[in-house]
Amino acid sequence: MKLLIVDDSNIMRRAIEKYLSAFNLEIVGNAGDGESALAIFSETLPDIVTLDITMPRMDGLSCLDKIMQIKPDTKVIVISALKDPATGIQAIKKGARGFLSKPFSQEEIIEEMKACLEDSE
Amino acid sequence: MTELEIKGFIKVLTDYFLSVTGSPANMGVPFIKENSTEVFDYVAVIGISGSRKGGVYFTANRPLLEEIARHILGETGLDDATLYDLIGEMTNTISGNMRELFGSTFLISVPIILKGNIDEVVLRLKPPVYVIPIEWNGHKSHLAIGLE
């Protein structure tokens, strides 16, 4: 399974990669903004994306819309500091598989990833 | 700013340190900032718009950030760029978590990292600016909030 990691924080991208290293995922790229994420997504067509919301150039929810247009069966885990129910519901309605609010633990992201992988089986 | 809102920020800060490091931070008594601005080596600002206007900044010294980074990444000896990135991410997370209280019309900017220009910090916040002192694992830092 191919994974794309999107977050405007480099330390968060590194943390997500480290936390998910137990899974046998091919990391096809990481991006710090929505536009770069879309470029990598279009080129690599990953199966799973972890997607931040508050980012420069294009926010995560706009990026999610475009990802769903390109490849609707992509499993997207939105990972955001925006900790309000409305944002989570909005992300799910747009097609996200899961929503994780920051700060999150390694256990929490592993559970989200397990659910994604089970869905894909 | 109401007392409930200040308590909301304190709760978010408390939860942040506990969640990331497993050990709680002690919050000092919040106060209204006077003209002199005390900031530590690293400062990040989040602009607030929507239902509220103004900004939030978080400031800390290198040892605190190095320890937080160690909890997140399990690495030591991180460079300056990583620590500036970290303080931006911490400020973003704390501000974004406040949507639980303020709702989805509380809009936050991407983090703005400030290097040495204290006046620039002052301009972004709407007075009165409330400061919440934080002590975690022997390290001091603080969060300042100035919202209309």
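Order of the sequence lines fixes the chain letters, A, B, ..., with proteins taken first and strands second; residue numbering starts at 1 for each chain. Just so it is clear, the model here is predicted, and its values are computed rather than measured.
- Both the backbone and the side chain of B:Ile108 come within less than 4.5 Å of a heavy atom of chain A.
- Counted within 6.0 Å of CG on A:Asn24, heavy atoms from surrounding residues, nucleotides or ligands total 12 or fewer; the atom is thus considered open.
- With a 4.5 angstrom heavy-atom cutoff, A:Ser101 does not touch chain B via any of its atoms.
- For the residue pair B:Asn137 and B:Glu67, a side-chain donor N or O sits within less than 3.5 Å of a side-chain acceptor on the partner.
- Within a 6.0 Å radius of NZ in B:Lys7, no more than 12 heavy atoms belonging to other residues, nucleotides or ligands are found.
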| After noting the C-alpha distance and the side-chain angles of A:Val6 and A:Phe41, does the key distance pass the side chain to side chain contact (heavy atoms under 4.5 Å, CB included) rule? | CA-CA 10 Å; A:Val6 186; A:Phe41 184 87; over 6 Å; no
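- Residue B:Ser95: no heavy atom, backbone or side chain, is found under 4.5 Å from chain A.
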| said: Let's go through A:Ile48 and A:Arg97 carefully: what are the C-alpha distance in whole Å and the side-chain angles of both, what is the deciding distance for side chain to side chain contact (heavy atoms under 4.5 Å, CB included) to 0.1 Å, and is it a yes or a no? | reply: CA-CA 9 Å; A:Ile48 305 169; A:Arg97 166 62 184 76; over 6 Å; no
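- Contacts of A:Asp7 with chain B are made by side-chain atoms alone, with heavy-atom separations under 4.5 Å and no backbone atom involved.
- The most heavy-atom pairs under 4.5 Å with chain B, out of A:Lys102, A:Met12, A:Gln106, A:Lys18, come from A:Lys102.
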| Do A:Ile5 and A:Thr50 pass the side chain to side chain contact (heavy atoms under 4.5 Å, CB included) test, and can you show the C-alpha distance, the side-chain angles, and the key distance before you say yes or no? | CA-CA 5 Å; A:Ile5 298 170; A:Thr50 68; 3.6 Å; yes
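- Only the side chain of A:Ala86 comes within less than 4.5 Å of a heavy atom of chain B; its backbone N, CA, C and O stay farther away.
- Among B:Asn97, B:Thr82, B:Thr93, the residue making the largest number of heavy-atom pairs under 4.5 Å with chain A is B:Asn97.
- With a threshold of 4.5 angstrom between heavy atoms, B:Val110 approaches chain A through its backbone and through its side chain.
- Listed options B:Glu89, B:Met90, B:Glu100, B:Arg99 were ranked by heavy-atom pairs under 4.5 angstrom with chain A; first place goes to B:Arg99.
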| query | After noting the C-alpha distance and the side-chain angles of B:Thr91 and B:Tyr57, does the key distance pass the side chain to side chain contact (heavy atoms under 4.5 Å, CB included) rule? | reply | CA-CA 7 Å; B:Thr91 315; B:Tyr57 78 75; 5.6 Å; no
